[in-house]
Number of protein chains: 2
Amino acid sequence: MANLKTFLESCTDLGLVRLICTNGGAVLEVRTVIDKLYYAELPKGKYANMHTEDFEFHLNLDRIKTVKFEEGEAKRGNFTTYAIRLLNAQEEADLSIFLQWGKPGEYAPGQIAHWTKLRDEYGAVWHPAEV
Amino acid sequence: MANLKTFLESCTDLGLVRLICTNGGAVLEVRTVIDKLYYAELPKGKYANMHTEDFEFHLNLDRIKTVKFEEGEAKRGNFTTYAIRLLNAQEEADLSIFLQWGKPGEYAPGQIAHWTKLRDEYGAVWHPAEV
């Protein structure tokens with residue numbers, strides 16, 4: 001059964017993405033390539049982590065019960081967005097991963113193909129095994 | 001009565017800070033100077049926003065009921081941390097703002113002084129007026 005570690009590592013090939021973390025009050029969005037993840041086991045759960053000069057990212061893998069691939073419509077501009085939602089037990093997105101374009105709607109070569117490949121491989125909605 | 005717009009704008013003088021947004025599952029932390037905020041009125045509330053090449057930040061000002069200044073101890077290393085917690089009605093931090101050091105514990109000149117000045121001016125715990 002597929003797990004989140006393997007999945008997140010295969011997200012490197014999505015190229016530039018936008019990570020979004022929100023709690024309903026604040027929203028932080030970071031542009032990055034998902035790369036060089038490292039892992040830690042904490043009392044609260046097993047974490048995937050990433051660290052760059054400008055930002056840090058931590059995700060409690062144990063909380064993620066569902067992964068959902070979503071195509072959407074850009075709020076500004078007439079083009080498609082490609083997201084991956086990492087949902088907790090309440091079906092709320094703890095983390096969203098969007099393909100990031102250069103100019104609006106202009107994705108780099110291979111980005112959409114890799115997103116589609118992952119969706120076809122894992123399923124549009126899937127439930128990760130424990131890591 | 002003091003409000004969050006004025007307060008956030010006076011946070012520019014804190015210099016380099018670390019913005020932290022968490023929902024219990026994911027954590028995103030960004031190093032930045034709080035600068036060039038702009039505002040928007042959305043159905044969900046009045047938002048303060050910031051936009052750079054690498055990240056975006058949005059905060060629903062209407063959700064923040066309490067602002068708390070906190071001195072703490074660094075998890076790694078023997079030095080003091082200086083935080084500002086923006087708490088919602090449930091007393092959860094929608095956003096945390098930490099003074100960011102260069103090398104661990106080495107703050108830039110004026111950072112701690114400005115944090116202390118803001119704390120003395122606004123109070124260690126204060127409740128913002130509606131904006």
Revision key, fill the gap. d(Phe55(A) CZ, Glu29(B) CD) to nearest 0.5 Å is 10.5 Å

**Study point:** ILVMFWY cluster, Ile34(A) and Ile112(A) together (side-chain gap under 4.5 Å)
**Key:** yes

Practice item. Check whether more than 12 heavy atoms from other residues, nucleotides or ligands sit under 6.0 Å from atom NZ of Lys68(A), and answer yes or no. Key: no

Review point. Shared ILVMFWY cluster between Ile20(A) and Leu99(A), side chains joined below 4.5 angstrom?
Key: no

Check your understanding: So if you build clusters from Ile, Leu, Val, Met, Phe, Trp, Tyr with side-chain heavy-atom gaps below 4.5 Å, do Leu8(A) and Val125(A) land together?
Key -> no

Check your understanding: Side-chain heavy atoms under 4.5 angstrom apart, residues restricted to Ile, Leu, Val, Met, Phe, Trp, Tyr: same cluster for Val67(B) and Ile97(B)?
Key -> yes

Revision key, fill the gap. Ranking Arg31(B), His58(B), Met50(B) by heavy-atom pairs under 4.5 Å to chain A gives rank one to His58(B)

Practice item. Check whether Ala93(B) gets within reach of chain A through its side chain, its backbone, both or neither, counting any heavy atom under 4.5 Å. Key: backbone

Practice item. Please check if Trp115(A) and Leu16(A) belong to a single hydrophobic cluster, counting links between Ile, Leu, Val, Met, Phe, Trp and Tyr side chain heavy atoms closer than 4.5 Å. Key: no

Study note, to complete from the structure: Looking only at Gln100(A), Lys44(A), Glu53(A), most heavy-atom pairs under 4.5 Å shared with chain B are made by Glu53(A)

Point to revise | Option passing side chain to side chain contact (heavy atoms under 4.5 Å, CB included) with Phe57(B) (candidates Val27(A), Leu28(A), Val30(A)) | key: Leu28(A)

**Study point:** Closest contact, heavy atoms only, Asn23(A) versus Asp94(B)
**Key:** ND2-O, 2.9 Å

Check your understanding: So which heavy atom on Cys21(A) is nearest to which on Thr22(B), and how close?
Key -> SG-CA, 4.1 Å

Practice item. Against chain A, label Asp54(B) side chain, backbone, both or neither, depending on which of its atoms sit under 4.5 Å from a heavy atom there. Key: both

